[in-house]
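Heads up, the thing below is written out as structure tokens.
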Number of protein chains: 4
Amino acid sequence: MRDQEGPRPGRPRQADVSGRILTAARELIAARSWERISLDEVATRAGVAKTTLYRRWRSKDELAVATLEHALGPLPAATSVRAAVGWLAERVRDPGTRHVLVTLTSLSARDPDLRTMLRSRLRDPYVASLRDEQATREASATLAFDLVVGTLLHRAAMTGGITDGDVADVSDVAEQLMSPAADLPSRDAAGAP
Amino acid sequence: MRDQEGPRPGRPRQADVSGRILTAARELIAARSWERISLDEVATRAGVAKTTLYRRWRSKDELAVATLEHALGPLPAATSVRAAVGWLAERVRDPGTRHVLVTLTSLSARDPDLRTMLRSRLRDPYVASLRDEQATREASATLAFDLVVGTLLHRAAMTGGITDGDVADVSDVAEQLMSPAADLPSRDAAGAP
Amino acid sequence: MRDQEGPRPGRPRQADVSGRILTAARELIAARSWERISLDEVATRAGVAKTTLYRRWRSKDELAVATLEHALGPLPAATSVRAAVGWLAERVRDPGTRHVLVTLTSLSARDPDLRTMLRSRLRDPYVASLRDEQATREASATLAFDLVVGTLLHRAAMTGGITDGDVADVSDVAEQLMSPAADLPSRDAAGAP
Amino acid sequence: MRDQEGPRPGRPRQADVSGRILTAARELIAARSWERISLDEVATRAGVAKTTLYRRWRSKDELAVATLEHALGPLPAATSVRAAVGWLAERVRDPGTRHVLVTLTSLSARDPDLRTMLRSRLRDPYVASLRDEQATREASATLAFDLVVGTLLHRAAMTGGITDGDVADVSDVAEQLMSPAADLPSRDAAGAP
DNA sequence: AGTTAACCGAGACGGTACGTCGTGTCTTAGT
DNA sequence: ACTAAGACACGACGTACCGTCTCGGTTAACT
């Protein structure tokens, strides 16, 4: 979206509109897949015209990205690996948020821009905060992130939901991975597309 | 797909047609996301009419499932955790196969039938073979499967591909998980949709 | 539209569909201006999908042309100037037909193709039949056509309709124009765009 | 358009703005049909905001009317039928003016107000001046007007332009019509909508 | 050898959504 | 009050795709 650098000419955008749209999108996606949801429907539910929607985002995909960011909210100041994983797991357990995430990771398979965007706006900040807290290598933190999110998403894809047990299992693995004792051979962590 | 229960009257189906369609689908999906591929396109590339395609599969989703099965091929008789994970990782590394898989897991978020299908045709047989080989609990094997597939898919979604290092990292975690020494508290593994 | 040169492959077009669409268009245009009529509306009234409409005509303008042809019907074998003018006047007096005609002449101001089309499919055949009947010069017949149609359309634009008196007045002028005694200096009649 | 009834409070309107807009409209309409021209475009070409445009005219149609009046200019004091027809023909030959006229006559098919407006502001004054000059019946003068304008507009619609020959032909007919010798049966001329 | 029933290619069709454009209204800041 | 700039609601356009259908024509097995 746009940075606000002083008042621009013309009628200013209504402040609440984007929020209403994003909320409408998340609510709809909780109950149906993104492909089956029409932008007309999102617009109607948000009490807004479809053109307004296209004025703020270039395409349906970009709206999906914004919906994810809106659903995730700001990163918390993590205090422990378990807490950090817990925050992540909590988001992934929410059906709406999870479906947006699944949709986006699916789309990112063939969209480098989307990939970069997901990395820089979601994974990188998260990994950075995790690494600050725990004196661990970036590679481990990155692996932990991919493992937690990936495993939980895939399990949900297999069973339809995520149980407390699932979260605990994944937490165990992640904690072990991040512990100083973990002796993963120093391999290059994934970074470049 | 239909069961072939003895010879039926009328002109039999051309043997190679299904294979050509499935191959065309995999090739196309290697370069573009499934949502952006039209069945007309698949049909054209396979040198076939769209009608033929709908005579063999009921919907685009079912064609995706068949494409995945065709791409995965038969399960190998695994001899070790590392080898089993390697076989899985090799499939996931192939872009065409991976994209079909991503598409299907994404679709399964909203489709219980598809979920059941993926479990019974992909995960269950794999887990069974893994468990036979290694005297481990089913829960651990299932977790290992979800972890390997999920983590690798998610990493590919973040970076665009899967490196040898990625496979090795995931193998390490899976191996540790499957080892008899692994002392995960006995929690129920996910199973019901 | 297309010539039918033997059976072509694929499902043949439903015979009555074009007629239903054209009739629906004429009925709608009798009550509202062409610009205010949506193709969705035409399609709905014809009991047809919008896509069918676009399969048969490339644009809204082309549909308007077809509607005019359909509304005019075949040229009659005219027996006298007065009868020929009468046939023309009768068409122009029908609100639906007249409005299609007005719309098309208005559009043709900036569309050479449309102009050519109107000339070759409407004016030329009419003038030819008129000239065959009466042993007159083409220039006079063409002028008579433009005069009858143009004057009546413009009078309708001024008053909202066409009276018997209008038709009679115009007939008088046209008859005089076509009479052998008419001594118009031999000027080139309009032809090239 | 609004009447200017003495100085009103606040900032007065910039004098040249309306003229610039009307000129821009005429220039644009010379090259494209009015339906294909957007008000945004007119505003941009006039170096003006769309708001300004809507402050001065209520709708696109009203702007078209104003554009026509601006393009026609004041009625001349006609001295002869031939001169009067010449003045009319000259206006109609100018593409910009002609297209505005065509647009308005086309619109008037469905708009009684517009019809009344065209009659009272264009045809009636013209016919009055014609009748004053020549001692002829109103019916004849009115018919002459409709015949000249209608025929020329329709010929332009058929061929894309108006030649000297066209004007001469129409003048001949009009002159004959207005001559005292003309023995049209006394029929009521069109007047009521 | 002829019949039969399914196969196949081709394309029409209904329906839904997309993304764009245009009109007319509105809401700001600035003159 | 006027102007510039642009957001907004609404509605239509023309396109793309899905899944169904209806043709003509083909191909094997069964009578």
Side-chain angles (χ1 to χ4, degrees), chain A residues 6-14 17 35-44 47-60, chain B residues 7-14 17 35-44 47-61 63, chain C residues 6-15 17 35-44 47-61, chain D residues 7-14 17 35-44 47-61 63:
Chain A
R8 286 174 301 122
R11 175 175 172 178
R13 292 187 172 175
Q14 275 172 34
V17 164
E35 289 79 26
R36 309 274 156 92
I37 294 170
S38 75
L39 293 192
D40 267 310
E41 206 174 354
V42 175
T44 301
V48 142
K50 191 172 57 160
T51 36
T52 295
L53 219 142
Y54 274 99
R55 199 175 302 110
R56 287 162 188 253
W57 299 279
R58 261 196 292 269
S59 68
K60 200 177 175 182
Chain B
R8 284 173 300 162
R11 174 178 174 180
R13 288 181 175 172
Q14 276 173 32
V17 166
E35 287 80 22
R36 311 278 153 96
I37 295 168
S38 73
L39 292 191
D40 272 307
E41 207 173 352
V42 175
T44 302
V48 142
K50 195 171 56 156
T51 330
T52 299
L53 213 142
Y54 272 99
R55 200 174 300 109
R56 288 161 189 255
W57 300 280
R58 260 198 294 270
S59 69
K60 195 178 178 184
D61 290 2
L63 174 57
Chain C
R8 287 174 300 121
R11 174 176 174 177
R13 292 186 173 179
Q14 275 172 33
V17 164
E35 288 79 24
R36 310 275 156 90
I37 295 170
S38 74
L39 294 192
D40 267 310
E41 207 173 351
V42 176
T44 302
V48 141
K50 190 173 57 160
T51 37
T52 296
L53 220 141
Y54 275 100
R55 199 174 303 110
R56 286 160 187 253
W57 299 280
R58 261 197 292 272
S59 66
K60 199 178 175 181
D61 290 0
Chain D
R8 282 173 300 163
R11 175 176 173 180
R13 287 183 175 172
Q14 277 174 32
V17 166
E35 288 79 24
R36 310 278 153 99
I37 294 169
S38 73
L39 293 190
D40 270 309
E41 207 173 352
V42 176
T44 301
V48 142
K50 197 172 53 158
T51 330
T52 299
L53 216 143
Y54 271 99
R55 202 174 298 108
R56 286 161 191 254
W57 300 279
R58 263 198 292 267
S59 69
K60 196 178 177 182
D61 289 1
L63 174 58

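Just so you know, these numbers use all the heavy atoms, side chains as well, and skip hydrogens, waters and symmetry mates. By convention in this document, chain letters (A, B, ...) are assigned in the order of the sequence lines, proteins followed by strands, and residues within each chain are numbered from 1.
The NZ atom of Lys60(D) lies 8.5 Å from the OH atom of Tyr54(D); values are rounded to the nearest 0.5 Å. For the atom pair Leu39(C) CG and Thr52(C) OG1, the distance stands at 12.5 Å (nearest 0.5 Å).
Leu39(B) has its CG atom 16 Å from the P atom of dA10(E), to the nearest Å. At whole-Å resolution of the value, CG in Leu63(D) and C1' in dG22(E) are 15 Å apart. When the C1' atom of dC26(E) is taken as reference, atom CZ of Arg13(A) falls 16 Å away, rounded to whole Å. Between the CZ atom of Arg58(B) and the P atom of dG19(F) there is a distance of 12 Å, given to the nearest Å. Look at CG on Leu53(B): it is 17 Å from P on dG11(E), rounded to the nearest Å. At whole-Å resolution of the value, CD in Gln14(A) and P in dT25(E) are 18 Å apart. Distance Tyr54(D) OH to dG6(F) C1': 15 Å, rounded to the nearest Å. In this structure, CD of Glu35(C) is placed 11 Å from P of dC13(F), rounded to the nearest angstrom.
Scanning atom types as modelled, one donor and one acceptor separated by under 3.5 angstrom connect the side chain of Arg11(A) and the base of dC26(E). Side chain Ser38(B) to base dA16(F): no donor-acceptor pair is found below 3.5 Å. In the interface, the side chain of Lys50(C) is paired with the base of dG14(F) through a donor and an acceptor atom under 3.5 Å apart.
Applying the 4.0 Å criterion to OP1 and OP2 of dC2(F), one finds that Thr51(D) has every side-chain N and O outside that range. Taking 4.0 angstrom as the limit, Arg36(D) places none of its side-chain polar atoms (N or O) nearer than this to OP1 or OP2 of dG22(E). For Lys60(A), no side-chain nitrogen or oxygen approaches OP1 or OP2 of dG19(E) to under 4.0 Å. For the pair Arg55(D) and dT3(F), the criterion of a side-chain N or O lying under 4.0 Å from OP1 or OP2 is met. Between dC13(F) and Ser59(C), no contact under 4.0 Å exists linking OP1 or OP2 to a side-chain N or O.
Annotation for Ala43(B) and Ala49(B): closest pair CB-C, 4.0 Å, computed over non-hydrogen atoms. Residues Glu35(D) and Glu35(C) come closest through the heavy atom pair CG-CG, 3.9 Å.
Nucleic acid contact for Ile37(B): sugar-phosphate only, since backbone atoms but no base atoms lie under 4.0 Å from a heavy atom of the residue.
Distances from the side chain of Thr52(C) to the nucleotides dA7(F), dT3(F), dC13(E) place dC13(E) closest.
Nearer the 5' end of DNA chain F, as judged by each residue's closest nucleotide, is the contact made by Val17(D), out of Val48(A) and Val17(D). With DNA chain E read from its 5' end, the first of the two nearest nucleotides for Glu41(D) and Pro9(A) is the one closest to Glu41(D). In this structure, Gly10(C) and Asp40(C) both approach DNA chain E, and ranking their closest nucleotides by distance from the 5' end singles out Gly10(C).
At a threshold of 4.5 Å between non-hydrogen side-chain atoms, the residues Glu41(A) and Thr44(A) do not count as touching.
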